[in-house]
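See structure below.
Quick caveat: nothing in here was measured; it's all calculated off a predicted structure. First the proteins, then the strands, lettered A, B, ... as listed; each starts at 1.
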Protein chains: 2
Amino acid sequence: MNTTTGDQYLVKKINKAIVLDAIRKHGPLSRAQLSDLTGLNKGTVSTLAGELIEEKLASEIGLGRSSGGRKPVMLLFNRTAGYAVGIDLGVRYALAVLTDLEGRIVAEEQRELERRDADYALDVLAATVKALIAQAPESPYGIVGAGIGVAGIVDDKGTVLFAPNLEWENVELQRLVQDALGIPVAIDNEANAGALGEMYYGAGKEASDIVYLSVGTGIGAGIVIGKHLMKGSGGFSGEIGHTTIETNGKKCPCGNKGCWEQYASERALMDMAKPLGIERFDGLVEAACQGSPEAIRLFHEVGESLGVGIANIVNTFNPELVVIGNQMTRAEPWIRNAIERVVSMRSLPFHRRQAQIRFASLDTHSAVLGAAHYAISAFFAKERVTL
Amino acid sequence: MNTTTGDQYLVKKINKAIVLDAIRKHGPLSRAQLSDLTGLNKGTVSTLAGELIEEKLASEIGLGRSSGGRKPVMLLFNRTAGYAVGIDLGVRYALAVLTDLEGRIVAEEQRELERRDADYALDVLAATVKALIAQAPESPYGIVGAGIGVAGIVDDKGTVLFAPNLEWENVELQRLVQDALGIPVAIDNEANAGALGEMYYGAGKEASDIVYLSVGTGIGAGIVIGKHLMKGSGGFSGEIGHTTIETNGKKCPCGNKGCWEQYASERALMDMAKPLGIERFDGLVEAACQGSPEAIRLFHEVGESLGVGIANIVNTFNPELVVIGNQMTRAEPWIRNAIERVVSMRSLPFHRRQAQIRFASLDTHSAVLGAAHYAISAFFAKERVTL
DNA sequence: AAGACTTTGTTTAACCGATGTACAAAGTGA
DNA sequence: TCACTTTGTACATCGGTTAAACAAAGTCTT
């Protein structure tokens with residue numbers, strides 16, 4: 001039993017959070033509109049709005065249009081009250097952005113990772129973030145925190161349990177980065193971060209059930225149901241890439257046979273491309289651009305395999321939207337049709353609406369923006385009640 | 001914006017719910033213990049406990065042991081303040097129980113379903129439930145509601161969208177039953193109900209991440225993460241049985257190829273048993289009991305296929321516990337080893353703990369008790385805040 | 001057996017925040 | 001200019017929690 005009990009302070013927290021959320025989502029708004037929208041008494045809204053202004057989280061931006069009476073004073077969320085850092089920690093690169101509290105990018109830094117060990121990555125990360133922080137404008141709250149999306153399995157304590165492609169095991173990334181930077185840090189897997197990014201700032205703004213598929217070296221999925229990120233046990237983000245789609249199929253280094261990512265990942269594609277003498281993904285994309293029938297055939301094949309797994313996801317979660325992100329986005333022209341054909345063939349007929357399939361609208365920035373969102377929402381969750 | 005705003009009444013609701021929950025979960029408790037446990041002031045607990053007694057939801061059961069001072073008055077949850085009905089609506093049968101508010105069975109009725117149409121099922125259902133209600137002892141709240149677990153896909157409005165084995169489509173089951181019985185009714189799919197039943201009253205009492213697999217004619221799964229039932233979009237319960245485990249495998253009536261339930265369901269098993277001249281599941285179980293090597297081989301084969309799909313679930317959700325329920329429970333002696341071998345072979349090595357595999361400890365009552373739980377929790381959610 | 005100490009549960013005054021009402025401020029439109 | 005609207009603030013009231021005091025009912029030591 002450690003449920004938070006109720007008292008007046010809780011009531012105030014709840015209502016203040018409601019008012020701030022309304023301003024963030026629907027601003028600019030007058031106090032009267034806020035009262036209508038939230039159902040709170042005018043007087044209550046007045047006091048709470050006053051305090052939010054005091055705290056620099058909202059500001060009066062002048063008078064609005066009258067509809068036959070006194071002109072309303074419009075309130076706007078003060079999105080530059082602080083700044084957040086979002087980091088996408090990939091295998092060969094680290095991409096970091098500085099955003100305001102609405103997730104708008106104000107600065108960006110990218111670094112190549114020349115080695116894979118955690119110490120090195122940590123050094124690069126710290127330097128990158130410090131370079132970003134130096135660019136942050138003066139603000140009441142300063143840097144409110146950092147979020148990291150990492151290509152590996154993360155638990156709810158912020159430890160990277162296993163990152164095969166980085167060759168990491170049990171790295172306490174959250175603690176390490178937090179100590180290095182001195183600001184609150186949140187960690188999650190790159191696919192989950194991408195899902196949040198697309199939901200809040202990208203292709204899924206209107207949808208509430210989204211699956212974000214990160215198709216790179218491996219395959220990861222961030223699954224959002226009812227605007228909530230689905231987290232497995234212990235914060236475990238599903239290793240859906242190691243789901244069997246061919247019971248006696250290709251051997252996977254994980255020990256299993258017929259894993260999806262043996263057929264549908266970037267790595268699978270490159271394995272298939274070796275006989276063609278093409279070693280890099282860029283090369284294959286180029287070959288396809290120039291009309292190479294072998295290259296195009298390979299993309300079709302991978303697209304079909306992607307479709308099989310996506311159909312499984314659709315049959316299991318019935319999402320409105322499947323967003324394909326990471327490297328494989330660049331293959332859109334050649335895989336899109338194959339995916340759509342296979343998915344519509346294999347997904348159950350009694351779904352009321354057909355799931356749409358899109359490619360990440362934030363391009364390579366889904367994960368990094370989602371990561372920034374972790375920091376922003378942690379900042380707001382701290383002194384508030386989560387609605 | 002329709003978030004509930006905060007005021008004194010909300011605070012009281014929250015605190016009253018906290019106190020009642022504490023009594024339900026840890027009772028008998030004294031007022032002083034409640035104050036310690038919940039963090040609420042002694043005076044507050046006194047008033048709230050008084051009201052709960054007034055409302056017949058708790059009662060004083062006498063004095064407890066003193067530890068050097070005045071003897072405490074012990075409060076106990078009044079589990080007979082009302083009764084709930086749980087229904088498991090299968091393809092060939094309807095099983096219904098009457099439980100007290102702690103989910104203990106006080107009466108039970110089972111009926112065969114001789115036809116499959118919804119009207120007939122509804123008549124049988126109504127008669128069965130009425131027979132149960134007639135057996136309910138007098139109580140302050142009477143019958144607080146009914147929950148139904150049904151072998152089909154249910155949306156969040158209580159409509160059975162599709163129940164292939166019952167041959168139903170778009171049956172507004174909740175409304176129909178509610179009108180027939182005049183009590184609140186909650187509907188969910190049988191696998192979800194089973195998962196709740198096992199979590200609250202069965203094998204999963206201590207676990208918080210459980211997958212309940214209902215293996216009958218088809219395969220359904222109820223997935224519980226962090227004590228919460230995972231619901232797909234629109235209340236959609238995952239049709240995980242139609243997940244592909246063999247890309248170019250057997251055709252499935254659903255239109256897909258290589259669906260899991262084409263290999264691992266009761267129906268798949270019986271299809272395989274036809275050449276042996278065995279037509280019914282009972283027959284096959286009997287044959288295996290008598291040591292028929294063909295029957296045992298078939299069970300092994302199905303067990304292995306079950307293992308493939310379970311490994312997929314384990315890799316995706318990393319549960320603590322997988323509970324196998326419904327018909328296939330009866331095959332435990334012959335499939336258990338095959339399942340465990342395949343799952344441990346195919347599940348990812350970096351899971352910190354190996355998922356345990358058990359067979360439904362509530363036997364055939366998982367779903368029906370889970371269904372009753374829906375009614376009970378709906379009753380408590382009505383006048384309260386959900387914690 | 002008496003008195004000191006403990007624990008339980010109730011009572012009461014103080015406090016806090018939301019609400020409704022009255023009201024002041026600042027418009028619009030005929 | 002005047003009637004009517006709309007916005008935002010001020011203030012008394014209400015309900016609920018809390019802390020502190022207190023009454024009730026024990027135990028334990030001497």
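B:Thr5 and B:Asp7 are not linked by any side-chain donor-acceptor pair at a separation below 3.5 angstrom, with hydrogens and angles left out of the test. Using a 3.5 Å distance cut-off with no hydrogens or angles, the side chains of B:Tyr201 and B:His365 do not pair a donor with an acceptor.
When the P atom of C:dT8 is taken as reference, atom CG of B:Leu37 falls 13 Å away, rounded to whole Å. Following rounding to the nearest Å, B:Ile14 (CD1) and D:dG15 (C1') show an atom-to-atom distance of 15 Å. Separating the CG atom of A:Leu29 from the C1' atom of D:dG8 is a distance of 15 Å, rounded to the nearest angstrom. Remark: C1' of D:dG8 and CE of A:Met74 are 14 Å apart, rounded to the nearest angstrom.
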Open item on the list: Output one letter per nucleotide in nucleotides 13-23 of chain C: B when a protein non-hydrogen atom lies under 4.0 Å from the base, S when only the sugar-phosphate is that close, - when neither is.
Closed with: --BBBSBB---
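The nucleotide whose nearest atom lies closest to any side-chain atom of B:Lys71 is, among C:dT8, C:dA25, D:dT27, D:dT27. Between D:dT6, C:dG27, C:dT8, one nucleotide has an atom nearer to the side chain of A:Leu63 than all others, and that is C:dG27.
Ring orientation note: the planes of A:Phe380 and A:Phe77 are tilted relative to one another, at an angle of 30° to 60°.
The base of D:dT6 lies outside donor-acceptor range of the side chain of A:Arg70, with no N or O pair under 3.5 Å.
Counting non-hydrogen atoms of other residues, nucleotides and ligands closer than 6.0 Å to NZ of B:Lys56 gives a total of 12 or fewer.
Along DNA chain C, the nucleotide nearest B:Gly68 and the nucleotide nearest B:Glu60 are compared for position; the residue whose nucleotide lies closer to the 5' end is B:Gly68.
In this structure a side-chain-to-backbone donor-acceptor pair under 3.5 Å is missing from A:Asp21 to A:Arg24.
In this structure, A:Val73 reaches the sugar-phosphate backbone alone: every heavy-atom distance under 4.0 Å involves primed, P, OP1 or OP2 atoms, never a base. Residue-level contact check: A:Ser30 touches the backbone only, with heavy atoms under 4.0 Å from sugar-phosphate atoms and none from bases. Nucleic acid contact class of A:Ser67 (heavy atoms, under 4.0 Å, all strands): sugar-phosphate only.
The phosphate of C:dT7 (OP1 or OP2) has no side-chain N or O of B:Arg31 nearer than 4.0 angstrom.
Residues A:Ile14 and A:Ile18 have side chains in contact (heavy-atom distance under 4.5 Å, counting atoms from C-beta outward).
Salt bridge present: B:Lys231 and B:Asp188 bring a charged side-chain N and a carboxylate O closer than 4.0 Å.
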